[in-house]
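The structure appears below as structure tokens.
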Amino acid sequence: MNEIGRVLLSTGSWCEVLLENGIIISCRVKGKMRIKGLDTTNPVAVGDRVRIELELNADTASIIDVLPRNNYIIRRSPHHRKQSHILAANLDIALLVVTIKSPRTSFGFTDRFLVNASMYHIPVLILLNKMDLLDENEKEMARLWEDIYKPLGYQVLKISALNRADIEKVRTAIKGNTILLAGHSGTGKSTLLNSISPELKLKTANLSGYSGKGMHTTTFARMIILENETFVIDTPGIKEFDILDIEPAEVGHYFPEIQAKMDQCKFANCLHENEQLCAVKKAVEEGSIAASRYDSYISILLTRKNDYHWK
Ligand code: GDP
Ligand code: ZN
């Protein structure tokens with residue numbers, strides 16, 4: 001008998017799979033399943049939709065197929081450049097929790113995250129949390145964040161994870177989605193999840209310390225059921241969710257406002273650093289591209305150039 005399920009936890013040879021009827025079962029990963037065109041160390045990843053075969057008269061089940069992925073986050077193995085590891089698959093949205101203070105989230109960190117998410121085709125909802133802590137000047141700063149990111153097409157919600165009405169707004173925004181939750185430690189991620197789903201009882205200040213029923217390890221990525229059809233992916237490797245191997249000339253494509261201007265630069269190969277008649281630099285001078293965004297662009301560009309130089 002075959003059934004479709006969603007992988008909640010994957011250790012490589014074993015997976016915990018949520019069936020459509022709500023039951024969670026352990027499954028063996030059958031044989032050598034290889035995904036076409038991908039040399040990955042794990043054929044089945046958390047978030048995958050899989051076809052499983054229930055073995056009658058036996059207490060076991062096997063994964064026999066992985067359904068096509070909408071997207072996935074991949075990490076290259078530090079030892080074998082040609083091999084990679086899929087951290088998570090089928091993400092609908094990334095929630096990036098940022099705070100103006102306690103702790104302060106930088107534009108640089110935020111922009112790197114946005115570039116990554118864009119490479120992986122994951123839409124981002126920026127949650128400006130801890131609004132209750134802000135004085136008038138700091139609220140002005142929060143408005144600046146909105147002014148920078150909303151016109152670029154990112155959703156921005158100003159919230160306090162301590163406020164019931166704000167929590168409901170977030171709950172509505174993520175309902176039915178598989179979420180990647182990101183942000184510096186201390187920005188309120190666990191508080192947020194606990195408020196959305198009180199029965200979770202995540203330890204605040206340590207999301208990855210959470211260990212669900214029957215899960216004895218925290219080394220593997222897992223998907224937490226927040227409520228019916230709403231999932232959060234908690235992946236320890238997310239620190240390595242870093243800019244992929246792109247060429248310097250490609251960096252601008254992941255900044256929508258730079259992408260929109262680059263056709264007007266005099267030189268077709270303009271990298272918008274010090275070139276003459278650069279439409280991007282002109283837009284920065286005129287204020288239609290935020291200086292912080294341009295700084296982030298240059299910083300990513302330089303690291304990519306460096307990588308290319310040493311290859
Ligand atoms: P995490 O590391 O991102 O999971 O952050 P936590 O959820 O552990 O939150 C860190 C601290 O910030 C905790 O003491 C929370 O109570 C507090 N906190 C979280 N959200 C808010 C908020 O919106 N307002 C205030 N004042 N404190 C918050
Ligand atoms: Zn240019």
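Order of listing sets the numbers, starting from 1, for every ligand and every atom in it.
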Can you give me the SG-the Zn ion (ligand 2)-SG angle for Cys270 and Cys265, to 10°?
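It rounds to 120°.
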
Contact (N/O only, under 3.5 Å) between [X] and ligand 1:
X	result
Ile159	no
Leu133	no
Met131	no

In terms of side-chain geometry, is the basic nitrogen of [X] or [Y] positioned less than 4.0 Å from the acidic oxygen of its partner?
X	Y	value
Glu247	Arg304	no
Glu138	Lys101	yes
Arg143	Glu140	yes
Glu273	Lys281	no
Arg171	Glu168	yes

For ligand 1, which atoms sit closer than 4.0 Å to a heavy atom of [X]?
X	answer
Asp132	22 (C), 23 (O), 24 (N), 25 (C), 26 (N)
Ser160	22 (C), 23 (O), 24 (N)
Ala161	20 (N), 22 (C), 23 (O)
Asn129	20 (N), 21 (C), 23 (O)
Ser185	2 (O)

Quick one: is the NZ or CZ of Arg293 closer than 6.0 Å to the six-membered ring centre of Phe255, and within 45° of its axis?
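Arg293 over Phe255 ring: no.
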
Between ligand 1 and Gly183, can you find any atom pair, the residue atom being a heavy atom, that is separated by under 4.0 Å?
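No, Gly183 has no heavy atoms under 4.0 Å from ligand 1.
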
May I ask you to check whether Arg6 and Thr178 show a side-chain donor-acceptor distance below 3.5 Å?
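Short answer, yes.
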
If only side-chain N and O atoms count, and only distance matters, is there a donor-acceptor pair under 3.5 Å linking Asp111 with Tyr149?
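Tyr149 vs Asp111: donor-acceptor pair found between side chains.
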
In His272, what N, O or S atom is nearest to the Zn ion (ligand 2), if we give its atom name?
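Nearest N/O/S atom: ND1.
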
